[in-house]
Amino acid sequence: MTTPSDAGAGFDARIMAAALRLSRRHVGLTADNPSVGCLIVQGTGKNARIVGRGVTALGGRPHAERVALAEAGDAARGAVAYVTLEPCAHHGRTGPCAVALAQAGIAAVAIGADDPDPRVDGRGRIILHAAGVVVHDLMAEPEGTRAFEGFLSRIRRGRPFVTLKMAVSRDGFIGRRGEGQIAISGAVSNRQTHGVRAEMDAILVGIGTALADDPALTCRLPGLKSRSPARIVIDPRLRLPPDGQLARTARDVSVIVATAVDPDGDAAKALRSQGCRLLPLTAGEGALRSLLEALSRLGISTLLVEGGAETASRFLREGLVDRVVLVRGAVTLGGRGVAAPPEVRHLNGFRASRTERFGGDRWTEYERIEA
Ligand code: AOF
Ligand code: ZN
């Protein structure tokens, strides 16, 4: 019987890494499901052949294992399946993947990460064991964890994984008073930002930014335009103009407006008639957390907070940010500059994990230091 260990740890790790790369293709496109990768390998060493490959389909179903098994057909018999997430055990819209793998005659399954969904949570393994399928743990951390961080956050904490992105000028400003959108980051890092957007389930701004910039908040990379995340505006008094870029395009890419205003009033009706969806925003402490919980219930696992200063500060102050992307632009703004808020300047509780140069900009990611 072929098992991952027969072929050697290096071989197994390489196949699992390939399955993870495969899973990245649909990150941001499978909500409320995580994007999972599955490779089915027949034979070992030099004779090893990939006979089936699958990634969770757009919209979340069918699951990766089903796609890979369909490609493998009879070649699945006696083969090893490398799956980045524990195969599911529940009867959702299709039967459990663990059962499908066993029935197809898969001899061994290598699992990249446990599935904490209460409907799975170890039951996938139990089904495989009971059917005589050898199960190997091949935890592919930290990349494995990163691929599922949104899913894990939603299941374990009931809120999306939150990434905060800010651009700061060389002299420490985030904009110029009285001026709308102003270029701080250059073309190369802007393309990188659009790439990040494409992998998110949703992107959020405060109403101040929505009014000042009239942004589209879409992903505009060639070939990736259909990968725009849902757009969310925090708008307590419902000032978002129904004829602005966001509301006008709400039927193409969804717009969610979080507001404390009467959902049956005229402003609400006008936005709804454009296709915007309204969510209630409670007042005061805990409002953001409740909003995040509501978004999580809508199936949103990953959220990019993109502005402005006040929204960024609130998210940081309330401890709701998991990663910060700080783009330090090459430009200087000089007089009338709006300083980055203290929470952004200090980033207490975060540590820099990665720095790159994109054109003239410095792009740094900060991870939260776990207490
Ligand atoms: C897998 N393979 O490719 C994915 C899995 O609503 P359902 O029936 O699609 O189930 C959703 C749950 O399935 C989700 O919360 C997660 O636990 C698991 N996702 N499982 O076997 C996959 N995407
Ligand atoms: Zn499944």
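One-based numbering, in listed order, for ligands and for the atoms of each.
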Review point. C88 to ligand 1: N or O pair under 3.5 Å?
Key: yes
Exercise for review: Before signing off on this row, confirm whether C97 and ligand 1 have an N or O atom pair separated by under 3.5 Å.
Suggested key: no
What protein heavy atom sits nearest [atom], and how far off is it?
atom: atom 11 (C) of ligand 1; value: N33 OD1, 3.3 Å
atom: atom 23 (N) of ligand 1; value: P34 O, 3.1 Å
atom: atom 15 (O) of ligand 1; value: D117 OD2, 2.6 Å
atom: atom 9 (O) of ligand 1; value: R61 NE, 2.6 Å
atom: atom 2 (N) of ligand 1; value: E65 OE1, 2.8 Å
atom: atom 10 (O) of ligand 1; value: H90 NE2, 2.9 Å
atom: atom 17 (O) of ligand 1; value: D115 OD2, 2.5 Å

Practice item. Could you tell me whether the side chain of V305 reaches within less than 4.5 Å of the side chain of K165, counting heavy atoms only? Key: no
Point to revise | Validation row: F148, I155 side chains within 4.5 angstrom (heavy atoms) | key: no
Exercise for review: Would you check whether R119 reaches within less than 4.0 Å of ligand 1, judged by its heavy atoms?
Suggested key: yes
Practice item. Answer with yes or no whether R66 contacts ligand 1, where contact means a heavy atom under 4.0 Å from a ligand atom. Key: no
If only side-chain N and O atoms count, and only distance matters, is there a donor-acceptor pair under 3.5 Å linking [Y] with [X]?
X: R157; Y: S153; value: yes
X: S353; Y: R323; value: no
X: N190; Y: S185; value: yes

Check your understanding: Do R159 and D322 sit within salt-bridge range, that is, some charged N less than 4.0 Å from a carboxylate O?
Key -> yes
Check your understanding: Do R125 and D137 sit within salt-bridge range, that is, some charged N less than 4.0 Å from a carboxylate O?
Key -> yes
Review point. Among V99, D115, V109, which one satisfies side-chain contact (heavy atoms from CB on, under 4.5 Å) with P87?
Key: V109
Review point. To the nearest 10°, how many degrees is the angle H63 ND1 to the Zn ion (ligand 2) to C97 SG?
Key: 120°
Which atoms of ligand 1 are found less than 4.0 Å from any heavy atom of [X]?
X: G92; answer: 8 (O)
X: F151; answer: 14 (C), 15 (O), 16 (C), 17 (O)
X: P87; answer: 21 (O)

Exercise for review: Just go through R154, E86, H63, H26 and tell me whose heavy atom is the nearest to atom 13 (O) of ligand 1.
Suggested key: H63
Check your understanding: Do I256 and I234 sit in the same hydrophobic cluster, where Ile, Leu, Val, Met, Phe, Trp and Tyr count as joined when their side-chain heavy atoms come under 4.5 Å apart?
Key -> yes
**Study point:** Pairwise distance CZ(F161) to OG1(T302) - rounded to 0.5 angstrom
**Key:** 9.5 Å
